[in-house]
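All remarks here apply to the structure that follows.
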Amino acid sequence: MNLKKQFPILEQHAHGHPLVYLDNAATTQKPLPVIEAIDRFYREANANVHRASHYLSARSTHAFEEAREEVRHFLNAAGSDEIIWTRGATEALNLVAQSWGRSQLQPGDEILLSAMEHHANIVPWQLVAEQTGALIKVINVTEQGELDLNSFRELLTDKTRILAIAHVSNAIGTVNPVETLAFEAKAKGAVVLLDGAQAVSHASIDVQKLNCDFYVFSGHKVFGPTGIGVLYGKKALLEAMPPWQAGGEMIREVSFKGTTFNELPFKFEAGTPNVSGVIGLREAVRFVRALDMKQVVEHENRLRVRAEEGLKNLPGVTLVGEARHKVSVVSFVVEGIHNQDIGLLLDQQGIAVRTGHHCTMPLMEHLGLSGTVRASFSVYNTLEDVDVFLAALSRILKGELGASQAGEEAKGHS
Ligand code: PMP
């Protein structure tokens, strides 16, 4: 699988070395069709959508709604009115917390999260818990970095109103058994939200098979632009939910006596949307749908296993999170060297990784760490990328690449 040629950004050098981009869990790079679609949109079709009866507006509206249909296929949703455009996973999570949560939760109701959630799937629930008197319960994570199913079953009760959980962990790559979790949570009458931000580029998603009520993701983590994301919601739930943000597009009729709201999905899309983002996402989703996901998974697993085996052979390196079912995310710490120092030294060799807490401070605290180094691989990475990364890290550990010098630089950043 060699897709690098389709990603022009990867052709460059960084600090005099060929760029090796291993920060895909933070954001993925964009293939040419996505870049070209956005360029073409602004050259040929730019106009506001759903508003005017002119040629360009009809063209942009058509492309915009075609994109919704493309995403419906991508998630296998029952209808395109179940696909709501948001700015990203974060906004989608806030939408559910504020609209569903504020209208549904009562004092004493329980919100079930896990210890491996991204802050974006914690803080919106903390806000709504304060506003409604609901309580947050947290499912334990094992030392291996897996969800503790005993803890889940203990905490899942008749009081649980919603289970909101990551499909895949961004910090350690664990794939959670979401189908089982959703089945058991729904049997107790809870609503199920899956945070798919880290899953969508690594697996085929079928929201009907998963039987979740909400599924969220960000376009930029699946080869699309930043500033666009998706909330999938089951129609009956979305219809019963009050609007969240208010303005143009989400209304049917406005008067000072009162306002009536538009139908789905527009009820949740106030204001001029990110049209070029939607157009870019349409192309990104087409790119993914044209891939053979089985081959993608095999390729990414090969990269991950090569990285993990290489890391295990390096002195002082400890892998963090060794779940049995993982995507191509490898987190680790190095004895005696701060994760930021490792990140800086790798960067000097042209290798991009992420360091720190990865917006999962509760997980880091749970694991007794302040942060990790995270290398995350995507479809366009190669075994050679993994080898370059391992060789550079090996030289850093041998002190050949100036650990003390980078240590001084890192202090300025902390
Ligand atoms: N959830 C998870 C699991 C994530 O990895 C991220 C992004 N790191 C988010 C939510 C938030 O995504 P965004 O910042 O694109 O809204």
Side-chain angles (χ1 to χ4, degrees), residues 21-30 34 71 84-98 113-127 138-139 141 145-147 162-176 178 181 192-203 205 210 212 214-232 244-245 273-274 277-278 280-281 284-285 320-321 323 325-331 352-364 366 371-372 374-378:
Y21 186 77
L22 305 181
D23 195 15
N24 295 288
T27 199
T28 51
Q29 298 303 347
K30 317 307 168 199
V34 171
V71 170
I84 316 279
W85 302 124
T86 65
R87 282 192 297 128
T90 301
E91 190 177 62
L93 290 162
N94 277 278
L95 194 165
V96 177
Q98 285 301 310
L113 310 177
S114 87
M116 69 170 87
E117 297 312 307
H118 187 280
H119 297 164
N121 194 30
I122 298 175
V123 187
W125 299 112
Q126 288 176 327
L127 292 180
V138 184
I139 305 165
V141 170
E146 293 181 344
L147 207 73
I162 187 163
L163 168 71
I165 200 150
H167 189 167
V168 170
S169 154
N170 66 309
I172 53 175
T174 308
V175 180
N176 285 319
V178 284
L181 300 173
V192 174
L193 178 152
L194 300 179
D195 173 359
Q198 295 293 337
V200 279
S201 69
H202 302 292
I205 310 298
L210 290 170
C212 57
F214 299 109
Y215 196 94
V216 308
F217 74 91
S218 293
H220 71 96
K221 295 198 199 262
V222 61
F223 315 113
T226 49
I228 186 70
V230 168
L231 165 65
Y232 156 80
W244 176 42
Q245 293 178 336
N274 179 359
V278 167
L281 181 58
V285 165
V320 178
H325 196 183
K326 280 186 72 173
V327 298
S328 47
V329 169
V330 177
S331 241
V353 294
R354 172 91 184 257
T355 62
H357 55 64
H358 317 297
C359 295
T360 55
M361 288 173 91
L363 177 65
M364 292 297 131
H366 185 75
T372 70
R374 181 187 71 187
S376 49
F377 307 98
S378 186

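Order of appearance sets the numbers: ligands from 1, and atoms from 1 within every ligand. These numbers come from a predicted model, not from an experiment.
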Counting only heavy atoms closer than 4.0 Å, does ligand 1 sit against the backbone of K221, its side chain, both, or neither?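 Side chain only.
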Where's the contact between S218 and ligand 1, heavy-atom distance under 4.0 Å: side chain, backbone, both or neither?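 Within the 4.0 Å criterion, S218 contacts ligand 1 through side-chain atoms alone.
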Calculate, to the nearest 0.5 Å, the distance between atoms CD and OG belonging to Q198 and S218 respectively.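 Q198 atom CD to S218 atom OG measures 9.0 Å (nearest 0.5 Å).
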Once you round to the nearest 0.5 Å, how far does CG of L181 lie from SG of C212?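 These two atoms lie 11.5 Å from each other.
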Can you confirm whether the side chains of T27 and H220 place a donor and an acceptor under 3.5 Å from each other?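 Indeed, the side chains of T27 and H220 share at least one donor-acceptor pair under 3.5 Å.
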Do T372 and H358 meet the criterion of a side-chain donor-acceptor pair at a distance under 3.5 Å?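 Yes - a donor-acceptor pair under 3.5 Å links their side chains.
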Which heavy atom of F377 sits nearest a heavy atom of H202, and at what distance?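 What the structure gives for the nearest pair is O-CE1, 3.7 Å.
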Short list, please: which atoms of ligand 1 are under 4.0 Å from a heavy atom of [X]?
| X | answer |
| --- | --- |
| N170 | 5 (O) |
| T90 | 11 (C), 12 (O), 13 (P), 14 (O), 16 (O) |
| Q198 | 3 (C), 4 (C), 5 (O) |
| H118 | 1 (N), 2 (C), 3 (C), 4 (C), 5 (O), 6 (C), 7 (C), 8 (N), 9 (C), 10 (C), 11 (C) |

Is T174 reaching over with its side chain to a backbone N or O of N176, donor-acceptor style, under 3.5 angstrom?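 Absent.
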For atom 3 (C) of ligand 1, closest protein heavy-atom neighbour: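 Heavy-atom neighbour on the protein nearest atom 3 (C) of ligand 1: D195 OD2, 3.4 Å.
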Can you find an N or O of E91 that's nearer than 3.5 Å to an N or O of ligand 1?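 No, E91 has no N/O under 3.5 Å of an N/O on ligand 1.
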According to the interplanar angle, ranging from 0 to 90°, do the rings of H357 and H119 count as parallel (below 30°), tilted (30 to 60°) or perpendicular (above 60°)?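 If you compare the ring of H357 with that of H119, the planes turn out tilted.
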Using heavy atoms and a 4.0 Å limit, tell me yes or no: is H220 in contact with ligand 1?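 Checking ligand 1 against H220, which is what was asked, there is a heavy-atom contact under 4.0 Å.
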